[in-house]
There are 2 protein chains.
Amino acid sequence: MTKDMANENIRQRLAEKMAGEITLSEKPGEALKKWRLNFDIAQTDLSGYLKVSPSVISDYESGRRKSPGTLIVSKIVDALLEIDTSKGGQKIHSYEGMLYANPGAKAVYATYEYTYPMQLAKLATLIEADVVNKGVEKPLYGFTVVDSKKAILELSSHEFQKLYGWSTERALIFTKVSTGKSPLVAIRVTNLKPGAVVIHGIRGNQVDPMAKKMAEIDRIPLLATTMDIDELVEVLKKYSQYHVIE
Amino acid sequence: MTKDMANENIRQRLAEKMAGEITLSEKPGEALKKWRLNFDIAQTDLSGYLKVSPSVISDYESGRRKSPGTLIVSKIVDALLEIDTSKGGQKIHSYEGMLYANPGAKAVYATYEYTYPMQLAKLATLIEADVVNKGVEKPLYGFTVVDSKKAILELSSHEFQKLYGWSTERALIFTKVSTGKSPLVAIRVTNLKPGAVVIHGIRGNQVDPMAKKMAEIDRIPLLATTMDIDELVEVLKKYSQYHVIE
DNA sequence: GGTTTTATTCGACAATTGTCGAAAGAGCGT
DNA sequence: ACGCTCTTTCGACAATTGTCGAATAAAACC
């Protein structure tokens with residue numbers, strides 16, 4: 001397979017992922033905005049490419065139209081990918097690992113993407129967690145629940161980053177931990193910082209001081225909770241539904 | 001991960017795949033129809049579930065509306081999955097392997113899905129192929145180009161079916177073959193019959209008589225072509241664009 | 001503070017969608 | 001031939017979308 005064919009395949013799969021997510025979203029405008037920001041493209045550039053007024057893009061993203069047509073969604077998705085391609089395709093390429101990842105990896109319990117972000121305080125509330133380190137607060141676009149021991153034993157550095165799903169701006173939740181030190185070590189060596197780390201299985205005051213120290217240095221929000229893992233996942237999955245009701 | 005969570009994950013991923021494909025399609029109505037037929041659900045059942053008139057579904061599928069809104073697409077996708085779930089989820093389950101498949105497998109050169117079918121005669125014309133065996137003609141919803149030797153050496157029976165992408169009603173194109181016998185043998189032992197088999201690298205009169213015989217017995221259309229493989233893939237990928245122009 | 005860039009709001013209006021319901025067609029079983 | 005199931009067509013109309021362009025706001029830069 002030529003390189004161009006491989007790139008075309010990735011682009012096609014990414015287009016489907018994007019279009020699917022936008023179409024299924026309760027707020028398609030927000031989902032459109034998420035992807036445009038992911039690609040680091042200004043509204044003015046996007047509207048210029050599509051030959052429409054800049055306000056057209058803003059109107060869609062702001063939710064003025066509750067049910068945009070498939071045609072405009074398709075046009076915007078294609079435009080984002082084309083603009084990125086014309087810039088060298090680095091954003092598309094950065095999703096390569098995600099598109100080819102095996103989500104059935106034994107280390108991963110659950111993974112979920114949000115189209116609109118969750119705040120750290122909300123996360124802490126939902127999963128009844130102690131905040132061990134506040135860190136630099138980022139919006140969280142998803143979460144991954146990981147079996148801590150399996151992840152560390154089985155995943156190479158390259159594979160470790162697959163835990164990040166579509167965005168590093170997500171909560172990594174490590175379960176079956178004893179003190180919480182190993183996950184922070186693993187994160188340090190991969191040099192990819194998640195939006196937050198949750199140590200599951202112990203309370204905040206049981207977290208190893210070295211773990212807290214590493215979180216402070218790397219400015220990563222660190223939480224600890226003993227909530228039942230299945231219940232935790234259920235609550236986090238329902239987050240998108242809560243958002244609509246609020 | 002509980003079984004219900006695993007099922008929920010598959011369903012979510014399938015929903016995205018479906019919604020993405022429909023949204024990106026030049027003819028979303030045809031794509032909607034394809035998925036409804038894949039799920040073996042009547043328009044009357046779907047409209048009943050959605051509490052709309054049966055003509056609503058027919059109007060959409062027939063293309064009366066060129067750019068349906070994301071809301072109706074989302075509703076239809078959710079309804080298809082929910083109706084299948086209430087019947088035991090066998091259609092959703094049947095896609096499990098496809099969702100978790102690793103499309104980067106070395107044996108696969110290219111794979112592509114169509115939302116509307118190609119006829120066998122059209123395929124033969126596009127790739128300048130000799131028809132070795134007519135077989136029972138089926139609409140073709142995609143193609144997979146396979147390195148014949150690698151596929152046979154590296155793929156187990158279980159993995160072999162991953163070549164089928166989203167539908168067995170596709171053309172399997174085997175390249176780097178000498179006589180064409182091995183691919184037909186491999187297909188026989190997996191007991192999954194593709195919509196068509198293409199032997200790439202030899203002309204029709206060079207195909208091993210045993211291969212032709214097996215194709216006749218299994219009633220599988222068998223073609224042979226010496227077209228350049230990259231050009232062949234390019235032509236087949238462009239098929240969706242041709243369809244629109246016609 | 002001024003300028004530039006980027007984004008948002010909103011009135012307006014032509015075009016299209018979402019949907020109903022009536023009528024008709026096709027296929028199948030009796 | 002008749003009845004049933006499934007699908008399609010299409011007129012109609014209220015509701016919504018697609019988009020422009022003007023005005024305004026916010027952020028970034030100098």
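The chains referred to below are lettered A, B, ... by the order of the sequence lines, with proteins before strands, and numbering in each begins at 1.
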Fill in: Spacing of NZ belonging to A:Lys87 relative to CZ belonging to A:Phe39, to within rounding of 0.5 Å
10.5 Å
Worksheet item: Base, sugar-phosphate, or nothing for A:Ile57, non-hydrogen atoms under 4.0 angstrom?
Response: nothing
Fill in: 5′-ward residue of the pair A:Lys33/B:Ser67 relative to DNA chain C
A:Lys33
Discussion item. Any base atoms under 4.0 Å from A:Ser58, or only sugar-phosphate, or nothing? Heavy atoms, all strands.
Written reply: base
Worksheet item: Is the phosphate of C:dA7, meaning OP1 or OP2, less than 4.0 Å from a side-chain N or O of A:Arg36?
Response: yes
Fill in: Rounded (10°) bend between the five-pair end axes of the helix from C:dG1-D:dC30 to C:dT30-D:dA1
50°
Discussion item. Looking at B:Ser55, I'd like to know whether one of its side-chain N or O atoms comes within less than 4.0 Å of OP1 or OP2 on C:dG21.
Written reply: no
Worksheet entry | Pair B:Thr23-A:Thr23, side-chain donor/acceptor within less than 3.5 Å | yes
Worksheet item: Can you tell which of C:dT6, C:dC10, D:dA12 lies closest to the side chain of A:Ala42?
Response: C:dT6
Worksheet, complete the sentence: Checking C:dT8, C:dG18, C:dG11 against the side chain of A:Arg64 (C-beta onward), the nearest is C:dG11
Practice prompt. Quick one: label B:Ile72 by what it contacts on the DNA or RNA (base, sugar-phosphate, nothing), any heavy atom closer than 4.0 Å.
Written response: sugar-phosphate
Fill in: Rounded distance in Å - CD (A:Gln43) to P (D:dT19)
15 Å
